[in-house]
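Quick note on labels: first sequence line is chain A, next is B, and so on, each numbered from 1.
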There are 2 protein chains.
Amino acid sequence: MDKDVCQTTCVNQQKVERALQLLPEQEILLGATEIFKMLADPNRLRLLHALSQEELCVCDLAALVDVTDSAVSHQLRLLRTARLVKSRREGKMVYYQLDDEHVESLLQEGLRHAEEG
Amino acid sequence: MDKDVCQTTCVNQQKVERALQLLPEQEILLGATEIFKMLADPNRLRLLHALSQEELCVCDLAALVDVTDSAVSHQLRLLRTARLVKSRREGKMVYYQLDDEHVESLLQEGLRHAEEG
DNA sequence: ACCTCATCTGAATGATTGTTCAGATGTTAT
DNA sequence: ATAACATCTGAACAATCATTCAGATGAGGT
């Protein structure tokens, strides 16, 4: 049951192929998806917003979003893996800061968008 | 078990309160989250990218991302509810186009980000 | 009226996700 | 070394999500 063959009725093959060609490469598209996924959670958004202003340690961040240390730690790991934040150890504590300049503009633009809509 | 009280040990209350005050209003923050959620799926990203170039009908879009008409319809409903796309009926077919200019810049910025990372 | 085609809807399913709990790791101080 | 504290990890759970299937809606043509 190949869909490209079955629905030859209304599909405008030309348009579709044009759109397909202009589509970004799989890798880049998936990369963008991952970044947007990271931004698609209220608490992560709060964390990133706070970190866009100053470095904070794990328990500061936990207090900020009012969840367990464990929960923030999990989230920070995601953000770290996605290279949106980086960490720095100082004694017992670990301080986090933004790793990526671009993220801040994405964040701002998303917020601006939400203000207007 | 209030976390703000328990962990008075390492939490820098000043920093936290400052960050809390600067945090965008709940409503805006959740709004931004919703927009990012819409962008956090490869197929929706493909759909939006294609629509950023020209109007397309449902079955074109289904062919583009190679899923059922039903699946695209569900996704388009999400995008419509989020006001990212709008639809126009022409005979039996329904054509979709971007509803929001800002989305395109978010999309582009996300992709640019993914290219560099 | 009927039939066909394009799109939509609702229920069901499997996959992913955010959180918590309990316990592990690593650091500092005594 | 032992204790105390900050952070991390893994398992478990509920919630959310993307897809499909089957059937509904709505428009055109005969």
Selection residues 74-92 of chain B - residue pairs positive for salt bridge (charged side-chain N to carboxylate O under 4.0 Å, His left out), sequence neighbours left out: B:Glu55-B:Arg88, B:Arg88-B:Glu90
Of all pairs that satisfy salt bridge (charged side-chain N to carboxylate O under 4.0 Å, His left out), the ones with a partner from residues 13-23 of chain A, not counting sequence neighbours: A:Arg18-B:Glu54
Atom CD of A:Glu115: over 12 foreign heavy atoms under 6.0 Å: yes
Within one Ile-Leu-Val-Met-Phe-Trp-Tyr cluster: B:Leu39 and B:Leu98, side-chain cutoff 4.5 Å: yes
Same cluster (ILVMFWY, side-chain, under 4.5 Å), A:Val94 and A:Leu84: yes
Phosphate contact (C:dT20 OP1 or OP2) by A:Thr68 side-chain N/O below 4.0 Å: yes
No-hydrogen, no-angle side-chain donor-acceptor test under 3.5 Å, A:Glu116 and B:His102: yes
Atom [atom1] of [X] to atom [atom2] of [N]: distance rounded to whole Å?
{"X": "B:Leu79", "N": "D:dA18", "atom1": "CG", "atom2": "C1'", "value": "13 Å"}
{"X": "A:Leu56", "N": "D:dA6", "atom1": "CG", "atom2": "P", "value": "16 Å"}
{"X": "B:Arg46", "N": "D:dA18", "atom1": "CZ", "atom2": "C1'", "value": "13 Å"}

Nucleic acid footprint by protein, nucleotides 7-18 of chain C - heavy-atom cut-off 4.0 Å, B for base, S for sugar-phosphate alone: BBBBB-----SS
